[in-house]
2 protein chains.
Amino acid sequence: MKTTRNTTAKTAVTEILSKSKTALSHSEIYKLTADLCNRVTIYRILDRLVNDDIVHKIVDLDGTVKYAKCHHSHPVTIHNHAHFSCENCHEITCLESVKPSYIIPHNYKVTDINFTLSGLCPNCLNSNI
Amino acid sequence: MKTTRNTTAKTAVTEILSKSKTALSHSEIYKLTADLCNRVTIYRILDRLVNDDIVHKIVDLDGTVKYAKCHHSHPVTIHNHAHFSCENCHEITCLESVKPSYIIPHNYKVTDINFTLSGLCPNCLNSNI
DNA sequence: ATAAGTATCGCAACTATGTTGCAATAATAT
DNA sequence: ATATTATTGCAACATAGTTGCGATACTTAT
Ligand SMILES: [Zn+2]
Ligand SMILES: [Zn+2]
Ligand SMILES: [Zn+2]
Ligand SMILES: [Zn+2]
């Protein structure tokens with residue numbers, strides 16, 4: 001079986017995501033690592049972290065992909081909490097407590113969910129843009 | 001005011017989306033138009049159709065962007081019906097009747113929603129892959 | 001501590017997707 | 001038929017993500 005290894009780069013990426021209050025894109029993470037490793041390595045690390053259920057992938061309404069640290073105790077069947085994407089500051093945050101309820105359509109087998117709300121976050125709403 | 005014009009290319013794209021049972025990506029639409037117009041033109045037409053609320057944009061769990069004809073009578077405040085993305089055949093379909101209910105988080109202003117379910121569609125589920 | 005096995009990495013090259021500026025074209029109203 | 005201007009084509013660019021392969025370095029076992 002393939003065993004997973006801890007490397008400097010992997011640790012750094014995990015740290016960055018742990019400390020971030022918002023979800024980060026590949027390029028944002030790459031910049032934050034500041035030449036620690038190659039661009040491709042970040043892609044591969046993120047893939048592994050997602051597979052290991054340490055990080056989850058979030059897709060914005062426009063197709064932008066971001067990543068956030070999981071806050072659940074390891075293996076979870078489905079990531080169904082909502083995410084909020086601000087049209088103004090473009091930050092994406094996990095809304096861990098917001099979960100959609102819906103009627104599962106007959107004959108469909110659901111194994112994953114993406115539920116993203118878009119609009120104005122509290123910060124930008126107060127700034128009265 | 002900017003008035004909108006009906007062109008051959010725009011009509012073709014609208015036709016293609018009207019006839020399709022599943023949502024289509026830019027490149028799929030481009031191939032179906034078969035050299036009718038430039039690649040860039042398709043992007044611009046899709047933008048206009050989305051703005052005019054004739055077509056809506058759907059983002060898959062992996063960030064793939066697709067487009068589907070709207071089935072509502074013109075202006076609608078928010079596209080909140082669910083979409084289903086099949087992991088096997090990669091088709092995305094509108095589930096017009098499935099709408100998520102959720103608790104609107106305090107202090108957030110929601111203006112748009114993306115709710116996509118992923119898994120196996122009825123066809124692929126029966127094929128017992 | 002050393003060596004073997006292999007997960008991970010760097011690099012280069014590539015594909016896919018989406019955007020922009022500008023001159024040419026064509027839809028629409030008068 | 002003419003004027004106005006929305007739309008298009010093209011070329012060039014930007015960003016995102018992938019792949020193959022030889023080199024590197026983490027882990028485990030001796
Ligand atoms: Zn904001
Ligand atoms: Zn989250
Ligand atoms: Zn299917
Ligand atoms: Zn739809």
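By convention in this document, chain letters (A, B, ...) are assigned in the order of the sequence lines, proteins followed by strands, and residues within each chain are numbered from 1.
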- Task: May I have the step-by-step check of side-chain contact (heavy atoms from CB on, under 4.5 Å) for A:Lys10 and A:Arg5, ending in yes or no?
- Result: CA-CA 9 Å; A:Lys10 186 182 171 188; A:Arg5 289 181 188 176; over 6 Å; no
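In this structure, NZ of A:Lys10 is placed 13 Å from C1' of D:dT27, rounded to the nearest angstrom. Taking atom NZ on A:Lys66 and atom P on D:dA16, their separation rounds to 10 Å, with Å as the unit. Rounded to a whole Å, the CG atom of B:Leu49 is 13 Å from the C1' atom of D:dT7.
Legend: side-chain hydrogen bond (donor to acceptor under 3.5 Å, both in side chains) pairs involving residues 55-67 of chain B, not counting sequence neighbours, sorted by first then second residue: B:His56-B:His81, B:His56-B:His83, B:Asp60-B:Ser85, B:Asp62-B:Thr64.
At its two ends the helix from C:dA1-D:dT30 to C:dT30-D:dA1 runs along axes set 40° apart, each axis drawn from five pairs and the angle rounded to 10°.
Evaluated for a side chain to side chain contact (heavy atoms under 4.5 Å, CB included) with A:Val13, the options A:Ile45, A:Val55, A:Thr7, A:Leu24 yield exactly one hit, A:Ile45.
Between the OG atom in B:Ser25 and the CD1 atom in B:Ile58 there is a gap of 11.5 Å [rounded to 0.5 Å]. Separating the CD1 atom in A:Ile29 from the NE2 atom in A:His26 is a distance of 7.5 Å, to the nearest 0.5 Å. Taken from CD1 in A:Ile16 to CD1 in A:Ile42, the straight-line distance is 7.0 Å, to the nearest 0.5 Å.
Closest-nucleotide positions on DNA chain C for B:Thr64 and A:Arg48 were compared, and the one nearer the 5' end corresponds to A:Arg48.
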Tabulated below should be each protein N or O lying under 3.5 Å from an N or O of nucleotides 22-24 of chain D; please produce it.
none

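A search for salt bridge (charged side-chain N to carboxylate O under 4.0 Å, His left out) contacts involving A:Lys21 returns nothing, not counting sequence neighbours. In this structure, B:Thr8 has no side chain to side chain donor-acceptor pair (under 3.5 Å) partners at least two apart in sequence or on a different chain. Among residues two or more places apart in sequence or in another chain, the salt bridge (charged side-chain N to carboxylate O under 4.0 Å, His left out) test is passed with B:Glu96 by none. Scored by the salt bridge (charged side-chain N to carboxylate O under 4.0 Å, His left out) test, B:Glu15 finds B:Lys19 as partners (sequence neighbours excluded).
The nearest pair of heavy atoms linking A:Asn80 to A:Pro100 is O-CD, 3.1 Å.
Contacts between residues 33-46 of chain A and DNA chain C, defined by a heavy-atom separation under 4.0 Å, are made by A:Leu36, A:Cys37, A:Asn38, A:Arg39, A:Val40, A:Thr41, A:Arg44, A:Ile45. Within residues 14-28 of chain A, no residue is approached by DNA chain C to less than 4.0 Å at the level of any non-hydrogen atom.
Formation of a donor-acceptor pair under 3.5 Å by the A:Ser20 side chain with backbone atoms of A:Leu17 is not found in this model.
Grouping Ile, Leu, Val, Met, Phe, Trp and Tyr by side-chain contacts under 4.5 Å, direct or through others, puts A:Phe84 with A:Ile78, A:Leu95, A:Val98, A:Tyr102, A:Ile104, A:Tyr108, A:Val110, A:Ile113, A:Phe115, A:Leu117, B:Ile78, B:Phe84, B:Leu95, B:Val98, B:Tyr102, B:Ile104, B:Tyr108, B:Val110, B:Ile113, B:Phe115, B:Leu117. Side-chain heavy-atom separations under 4.5 angstrom define the hydrophobic clusters, and B:Val40 shares its cluster with no other residue.
For the pair A:Glu87/A:Leu61, no side-chain contact is recorded, criterion being any heavy-atom separation below 4.5 Å from C-beta on.
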- Task: For nucleotides 25-30 of chain C, just jot down a letter per nucleotide in 5' to 3' order: B, S or -, based on protein non-hydrogen atoms under 4.0 Å.
- Result: -BBS--
